[in-house]
Amino acid sequence: MATDILRRIILFIVLCLVQGLVLNHINLLGCATPLLYVYMALTFPRGYPRWAELLWCFFLGLSVDTFTNTPGVAAASMTLVGMLQPYILELFMQRDSEENFKPSLLNMGYMSYIYYMLLLLLIYCLTYYSLEMFTFFNWLEWAKCVVGSMLITAVLVFVIEHLRR
């Protein structure tokens, strides 16, 4: 348990620093920003306590909000993803999996992990950009931001999963 907490703290710090110092300055085509810190929510195992998952996600979102000057947008979006992650994980894993099943490309297989990752990233990006723009008058710009950020984040998560393999 102590090693898991230490790993989570290291992952928290690394994702927060990478997002704040590097990825926030990348803005492809004026709308697509990689949101790699969502990767932490993707890695929670099946039997992880829900209250702890919500706290990790909230505090990571809050830390990213301080870097990006978006008051509460990332914290609210990450908390929503943290709340929905166990239910979405149940959709894409095998029924007879052990209690501490860890979602990864190796454990779930390509297609299941891709669908799992894309669904959580879609929920996150929809929430994030809806709260950030807070209007649907420019819905084409909103859709470009959602799809672009989701795809570039999915590519980065896929690369990390291949490197972990």
Side-chain angles (χ1 to χ4, degrees), residues 1-26 33-128 131 149-165:
M1 185 66 165
T3 59
D4 181 58
I5 292 174
L6 184 61
R7 284 184 190 150
R8 295 263 172 224
I9 290 172
I10 291 170
L11 183 64
F12 183 97
I13 292 170
V14 167
L15 287 176
C16 191
L17 288 176
V18 166
Q19 185 68 39
L21 299 175
V22 178
L23 297 178
N24 280 342
H25 301 291
I26 298 173
T33 302
L35 304 168
L36 188 61
Y37 55 94
V38 181
Y39 179 70
M40 185 170 188
L42 295 172
T43 62
F44 286 110
R46 180 181 188 188
Y48 207 77
R50 297 226 164 92
W51 63 269
E53 190 172 339
L54 287 173
L55 284 176
W56 279 112
C57 288
F58 174 75
F59 283 116
L60 180 60
L62 193 63
S63 299
V64 169
D65 278 335
T66 59
F67 273 114
T68 59
N69 199 18
T70 54
V73 174
S77 304
M78 278 295 288
T79 305
L80 177 67
V81 168
M83 184 182 72
L84 295 177
Q85 186 266 348
Y87 303 109
I88 293 174
L89 179 61
E90 291 288 329
L91 294 175
F92 296 107
M93 58 184 270
Q94 297 177 353
R95 302 274 184 233
D96 57 347
S97 299
E98 63 267 3
E99 184 63 29
N100 60 352
F101 178 80
K102 294 182 181 178
S104 68
L105 192 60
L106 186 63
N107 292 342
M108 295 175 74
Y110 275 97
M111 293 313 292
S112 293
Y113 187 77
I114 289 173
Y115 290 145
Y116 163 73
M117 172 186 60
L118 287 178
L119 184 58
L120 277 177
L121 288 177
L122 178 65
I123 291 169
Y124 181 80
C125 289
L126 282 172
T127 308
Y128 183 84
L131 290 173
S149 294
M150 184 183 80
L151 291 178
I152 195 165
T153 305
V155 168
L156 288 176
V157 168
F158 201 68
V159 166
I160 289 174
E161 281 295 318
H162 271 308
L163 290 176
R164 283 185 56 199
R165 204 170 181 190

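- Smallest separation of non-hydrogen atoms from L89 and P103: CD1-CB, 3.7 Å.
- Y128 is not listed as a side-chain neighbour of V81, based on a closest heavy-atom distance of 4.5 Å or more.
- Between F158 and Y39, the distance from one ring center to the other does not fall under 6.0 angstrom.
- Taking the six-membered ring for Trp and thresholds of 30 and 60 degrees, Y116 and F92 have ring planes more than 60 degrees apart, a perpendicular arrangement.
- At a threshold of 4.5 Å between non-hydrogen side-chain atoms, the residues C57 and M40 do not count as touching.
- Residues D4 and R8 have side chains in contact (heavy-atom distance under 4.5 Å, counting atoms from C-beta outward).
- Using a 4.5 Å heavy-atom cutoff, the side chains of F59 and M78 are not in contact.
- Atom OG1 of T68 sits about 12.0 Å away from atom CG of L23, to the nearest 0.5 Å.
- Both tests hold for R50 against Y87: distance to the six-membered ring centre under 6.0 Å, angle to the ring axis within 45°.
- Annotation: side chain of I123 is in contact with side chain of L80 (closest heavy-atom distance under 4.5 Å).
- Ring geometry, Y124 versus Y37: the interplanar angle exceeds 60°, so the pair is classed perpendicular (tilted spans 30 to 60°).
- The shortest side-chain heavy-atom distance between I160 and L36 falls under the 4.5 Å cut-off.
- In this structure, the side chain of T153 does not engage the main chain of M150 through any donor-acceptor pair within 3.5 Å.
- When every heavy atom of A41 is checked against every heavy atom of Q85, the shortest pair comes out as O-CG, 3.2 Å.
- Taking the ring axis of F12 as reference, the NZ or CZ atom of R7 does not stay both within 45° of it and closer than 6.0 Å to the ring centre.
- Inter-residue side-chain proximity for Y48 and K102 is flagged as unmet; no heavy-atom pair is nearer than 4.5 Å.
- Inter-residue side-chain proximity for L60 and C16 is flagged as met; some heavy-atom pair is nearer than 4.5 Å.
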